[in-house]
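For the single chain, residues carry numbers from 1 onward in sequence order. Hydrogens, waters and symmetry mates are skipped; everything else that's a heavy atom, side chains included, is used.
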Amino acid sequence: MKKEITITDIKGIRIGQTENKEAGTGCTVILSESGQGMCAGLDVRGGGPASRESELLKPLAAANAIHGIVLAGGSAFGLGAADGVMRYLEEHDIGFDVGVTKVPLVCQADLFDLTAGDASIRPDAAMGYEACLNAEQGNYQDGNFGAGCGATVGKFAGMGCCMKSGIGSYAVQIGTLQVGAIVAVNALGDIYDWKTGTKLAGLLSEDHRSFRATEELMYASTEVVENKFTGNTTIGVIITNAKFEKSALCKIAGMAHDGYARSIRSVHTTADGDSIYAVSTGEILADQDLVGTLAAEVMSEAIIKAVKSAESAYGYPGYREVIYGE
């Protein structure tokens with residue numbers, strides 16, 4: 001029987017977050033508890049990703065494991081956060097042994113949040129290192145934290161009619177198998193409840209009292225839009241205690257994108273950098289297609305958590321303000 005668990009119930013990982021609330025940016029770090037690292041795969045569907053060490057996760061690359069994943073804001077400027085994660089891991093003697101030291105293998109994906117607070121402040125090595133320190137005890141929270149600090153959705157008509165979003169998580173267990181998702185939702189499009197089709201967040205009317213549909217606004221004109229106002233990107237991680245190698249995890253990450261497609265419209269656009277990692281932290285034997293199907297489900301549920309947990313900030317209304325007037 002399937003039951004809901006928390007993302008931190010999945011063994012083999014540590015999660016830490018830090019954010020600068022005034023600047024409207026932050027990062028979320030997922031570290032392997034094993035010095036040997038964790039097998040990982042990646043599937044990128046958006047046309048504008050900001051990423052680091054993505055080539056490591058291609059099936060033909062030599063690396064069989066990585067030691068950390070960073071989700072962060074700051075667009076490409078924020079990719080330096082991984083430097084702090086690498087320093088932390090090297091200090092703890094974790095990484096690929098090259099004789100004179102150990103080189104930590106850290107992958108990163110960033111979203112665009114430069115319009116949320118202070119555009120001159122972005123995640124950096126100090127912030128990445130701090131998130132690792134926070135991971136020692138674990139401080140993960142859904143909402144305006146970590147990589148979700150400055151996240152927004154529904155930006156096709158510009159930032160004046162968008163909504164505040166955040167980071168969210170969801171996990172399930174069947175027997176001993178565990179599958180979970182963490183996702184920072186910063187989409188160009190609108191967010192829907194995948195089970196009911198109810199719109200939860202996204203493009204607002206000009207008076208902010210009702211929703212507009214991004215897709216309908218897109219359909220209103222066939223003219224080429226060269227610059228869709230701002231950067232976007234939904235970035236997430238699937239975590240399972242099932243045992244898989246890199247190629248299978250790349251496929252599971254690809255199946256998890258079905259969760260994006262069910263919940264975000266429009267999705268995978270040229271203005272988004274939509275990316276999903278998948279990592280294996282355990283030795284449980286499980287069917288790959290089962291895990292991929294669960295991955296899509298937990299990703300959709302994590303997206304719901306991300307928008308419902310987000311609080312109004314930086315002039316952008318959150319879910320409770322829009323839906324309940326709170």
Side-chain angles (χ1 to χ4, degrees), residues 15-31 46 48-52 68-88 106-135 139-155 158-160 162-169 182-188 201 229-237 271-275 277 302-303 305-307 309-318:
I15 307 171
Q17 299 194 119
T18 189
E19 59 281 324
N20 184 322
K21 288 193 176 294
E22 290 73 27
T25 195
C27 65
T28 301
V29 173
I30 299 163
L31 302 177
S51 60
R52 173 170 170 161
I69 293 175
V70 183
L71 306 179
S75 189
F77 291 115
L79 292 172
D83 292 339
V85 179
M86 290 185 67
R87 178 164 68 90
Y88 174 89
V106 179
C107 297
Q108 181 170 346
D110 285 359
L111 54 79
F112 185 100
D113 57 8
L114 299 179
T115 56
D118 186 341
S120 68
I121 298 176
R122 304 98 181 217
D124 56 12
M127 189 174 282
Y129 191 88
E130 182 180 351
C132 291
L133 293 176
N134 291 335
N139 72 335
Y140 178 81
Q141 295 182 74
D142 295 331
N144 296 15
F145 301 97
C149 181
T152 50
V153 295
K155 292 168 277 190
M159 299 301 291
C162 74
M163 280 180 63
K164 185 70 182 71
S165 182
I167 195 168
S169 64
I182 297 174
V183 61
V185 182
N186 192 62
L188 176 74
F229 186 76
T230 188
N232 306 284
T233 298
T234 298
I235 46 179
V237 183
D272 291 288
D274 300 330
S275 305
Y277 298 93
I303 289 170
K305 283 280 194 73
V307 297
S309 300
E311 297 181 356
S312 301
Y314 317 111
Y316 308 131

Judged by atom type as modelled, is there a donor-acceptor pair below 3.5 Å linking the side chain of Tyr140 to the main-chain atoms of Ala135? no
State which residues pass side chain to side chain contact (heavy atoms under 4.5 Å, CB included) with [X]; sequence neighbours excluded, sorted by chain then number.
X      : result
Ala116 : Tyr314
Asn134 : Thr18, Glu130, Asn139
Ala184 : Leu111, Ala147, Ile167, Ile235
Ala151 : Ser165, Asn186

Nearest-0.5 Å distance that lies between atom [atom1] in [X] and atom [atom2] in [Y]:
X      : Y      : atom1 : atom2 : result
Glu19  : Cys27  : CD    : SG    : 9.0 Å
Thr115 : Lys155 : OG1   : NZ    : 6.5 Å
Asn144 : Lys164 : CG    : NZ    : 4.0 Å
Cys107 : Leu71  : SG    : CG    : 11.0 Å
Thr28  : Gln17  : OG1   : CD    : 3.5 Å

How far apart are the C-alpha atoms of Tyr88 and Leu133, what are their side-chain angles, what is the distance that settles it, and do they pass the side-chain contact (heavy atoms from CB on, under 4.5 Å) test? CA-CA 8 Å; Tyr88 174 89; Leu133 293 176; 3.9 Å; yes
Results of side chain to side chain donor-acceptor pair (under 3.5 Å) for [X] - residues two or more places apart only:
X      : result
Tyr316 : none
Thr25  : Asp113
Thr234 : none
Ser169 : Asp142

I want to check something: taking the side chain as every heavy atom from C-beta on, are Tyr277 and Ile30 in contact at a cut-off of under 4.5 Å? no
Looking at side-chain heavy atoms only, is the closest gap between Lys305 and Val183 below 4.5 Å? no
Contacts under 3.5 angstrom, residues 75-87 side chains, donor-acceptor by atom type, not counting sequence neighbours:
from: Asp83; atom 1: OD1; to: Arg52; atom 2: NH1; distance (Å): 3.0
from: Asp83; atom 1: OD1; to: Arg52; atom 2: NH2; distance (Å): 2.9
from: Arg87; atom 1: NH1; to: Glu91; atom 2: OE2; distance (Å): 3.3

Check salt bridge (Lys or Arg N to Asp or Glu O under 4.0 Å) between Asp124 and all other residues, then give those that pass, not counting sequence neighbours. none
